[in-house]
Number of protein chains: 2
Amino acid sequence: MGSICLPLALESHDITQLDEIVQRGRPLQKGEYLYRKGEKFESIWAVRSGLVKAIRVTSDGLEQVTGFYFPGEIVGMDGIGSEKYAASVVALETSAVCEIPFHRLEELSQRVPSMQRHFFKLMSQEINSDQQLITLLSKNTAEEKIASLLLSISARNTRRNLSAVNVRLQMSRTDISNFLGLTLETVSRIFSRFNKQGLIAVDGKNVDLIDLENLRAVAKF
Amino acid sequence: MGSICLPLALESHDITQLDEIVQRGRPLQKGEYLYRKGEKFESIWAVRSGLVKAIRVTSDGLEQVTGFYFPGEIVGMDGIGSEKYAASVVALETSAVCEIPFHRLEELSQRVPSMQRHFFKLMSQEINSDQQLITLLSKNTAEEKIASLLLSISARNTRRNLSAVNVRLQMSRTDISNFLGLTLETVSRIFSRFNKQGLIAVDGKNVDLIDLENLRAVAKF
DNA sequence: CGAGTAATTGAGAAAATTCAAAGATGGTGG
DNA sequence: CCACCATCTTTGAATTTTCTCAATTACTCG
């Protein structure tokens with residue numbers, strides 16, 4: 001199985017089509033865990049279809065969403081350092097993932113320099129997206145956070161040859177609030193405000209980005 | 001030079017003594033940049049003595065401190081993904097660093113499996129500390145953030161065989177505020193409050209952790 | 001020693017949260 | 001197929017935390 005999935009880790013382009021044809025790896029139902037914090041780390045995982053979130057639970061039981069992972073993106077690299085997963089990953093809709101056994105990845109990286117380099121890059125990208133989130137959480141207002149999230153999903157849609165001006169928010173408002181360090185009420189209020197201002201058209205989980213230019217201005221980007 | 005510094009990347013224990021005896025690599029004065037965002041990525045760096053911060057500048061010119069790096073810790077892994085550094089690193093006091101040319105690290109990792117594995121682990125640890133910061137920024141109050149930072153520095157002191165109950169905050173209050181997503185006034189107020197409450201004894205940059213137990217309670221840890 | 005920078009403290013303002021209630025949505029079984 | 005229940009979302013009002021602006025005090029280093 002790993003061999004089918006390895007290209008996902010290797011190739012960052014043109015993954016989407018492949019995803020839509022081949023549906024291998026473990027299928028996950030909405031709400032199902034791919035892995036839980038503390039479980040022995042054996043594999044990293046490529047999301048092939050659907051949507052998953054990575055979460056950490058604070059000492060007082062609150063959930064922090066550290067990332068949403070779309071098709072073509074990789075989860076599980078948090079586990080390499082300590083042989084145990086440091087976060088948990090849950091499907092937000094029916095999703096398919098590819099398992100990439102880490103020991104095989106290590107072997108392959110040992111033999112194939114380009115593979116090693118590529119995996120170093122993947123980890124570096126995770127570091128960068130985490131640090132971008134750190135900056136977002138620390139420096140931006142609620143409006144800026146929401147606008148940034150919408151634009152980030154739009155950009156990822158583009159990479160997957162999907163619409164840049166329409167996003168389906170399969171995650172709940174609570175998940176969004178937990179990702180952006182807000183309350184769900186604030187998230188809801190700001191969607192309403194953006195809607196009223198004509199920046200977006202909200203219809204439940206479906207959001208059209210009407211005024212991309214001003215949305216970018218709000219996101220300060 | 002790299003060969004002297006590589007053990008730093010390999011060994012995470014007992015680095016301090018080595019640091020205090022051998023002072024190799026590029027010396028940095030306070031305020032001096034180790035590298036800047038956008039520069040070509042060539043090397044990762046091990047901090048051998050002193051203290052550095054990694055920063056990102058937002059589109060509107062604000063500085064986000066994404067990490068403080070103490071002796072024995074590694075910076076620069078943000079650059080691997082795009083061949084350019086994504087952040088800048090500045091010395092907060094006179095510091096010495098070791099340069100580890102990345103191409104040599106790659107070669108070595110190719111030959112020595114344990115080296116490859118160790119470097120994967122180092123990157124995973126960076127991911128984990130970033131995600132811990134994400135959670136701190138998102139879920140914790142100003143008091144909890146400050147208490148957590150003090151305890152984090154204390155824990156790193158312990159690893160370096162320094163005092164667990166005394167920390168020297170070589171970074172400015174502004175740096176602390178930029179790291180924790182607060183204003184410097186709030187940081188200052190909370191130091192004063194903790195001081196008044198007998199949790200710590202603040203004397204400028206010198207802080208004694210008087211009541212570790214209650215400090216841990218405040219940090220919710 | 002003094003000028004410039006860094007830190008503290010106070011008071012008022014703003015952003016987001018909390019608490020509360022109503023409204024919408026979606027999945028399930030009759 | 002539709003009604004119902006549980007869950008999710010929206011909206012409002014009051015509160016709280018942190019920020020902003022402002023002034024004072026303490027350091028630091030030429």
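Naming: A, B, ... by sequence-line order, numbering from 1 per chain. In this text, all values refer to a predicted model and were calculated from it rather than measured experimentally.
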- Please lay out, stage by stage, how A/Ser124 and A/Asn128 fare under the test side-chain contact (heavy atoms from CB on, under 4.5 Å). CA-CA 6 Å; A/Ser124 175; A/Asn128 277 300; 3.7 Å; yes
- Note on the structure: Letter by letter from the 5' end, nucleotides 9-24 of chain C scores (B base, S sugar-phosphate only, - none; protein heavy atoms under 4.0 Å) BBB----SBBB-----
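Judged by distance alone, with hydrogens and angles left aside, the side-chain atoms of B/Ser188 form no donor-acceptor pair with the main-chain N or O of B/Glu185 at under 3.5 Å.
Salt-bridge check for A/Lys220 with A/Glu143: failed, with every basic side-chain N at 4.0 Å or more from each acidic carboxylate O. Under 4.0 Å is where a charged nitrogen must lie from a carboxylate oxygen, and between B/Glu63 and B/Lys53 at least one such pair does.
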Could you go over nucleotides 28-30 of chain D and give all protein N or O partners under 3.5 Å, atom names and distances?
none

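Whole-Å rounding puts the B/Phe194 CZ to C/dT8 C1' distance at 16 Å. Summarising the geometry, the separation between CZ on A/Arg168 and P on C/dT25 is reported as 12 Å, rounded to the nearest angstrom. B/Asn206 has its CG atom 18 Å from the P atom of D/dA26, to the nearest Å. Atom-to-atom, CZ of B/Arg173 to P of D/dA26 comes out at 15 Å; the value is rounded to the nearest Å. In this entry the distance linking CG of B/Asn178 with P of D/dC19 reads 11 Å, nearest Å. Here D/dA26 presents its P atom at 19 Å from CZ of B/Phe191, a figure rounded to the nearest Å. One interatomic measurement links the two molecules: CG of A/Asp203 to P of D/dC8, which rounds to 18 Å at whole-angstrom precision.
Heavy-atom contacts from other residues, nucleotides or ligands closer than 6.0 Å to NZ of B/Lys121 number more than 12. Summarising the local packing, NZ of B/Lys205 is surrounded by more than 12 heavy atoms from other residues, nucleotides or ligands at distances under 6.0 Å. Counting heavy atoms of neighbouring residues, nucleotides and ligands inside a 6.0 Å radius, atom NZ of B/Lys84 does not exceed 12 of them.
For B/Phe179, the ring pair (Phe, Tyr, Trp, His ring centres under 6.0 Å) partners at least two apart in sequence or on another chain are B/Phe68. Residues meeting the side chain to side chain contact (heavy atoms under 4.5 Å, CB included) test with A/Glu213, sequence neighbours left out: A/Asp211. Residues satisfying the ring pair (Phe, Tyr, Trp, His ring centres under 6.0 Å) test with B/Phe102, not counting sequence neighbours, are A/Phe120, B/Phe41.
Shown for residues 57-68 of chain A: no residue has heavy atoms falling under 4.0 angstrom of DNA chain C.
Side-chain contact between B/Tyr69 and B/Leu34 is absent, with no heavy atoms from C-beta onward closer than 4.5 Å.
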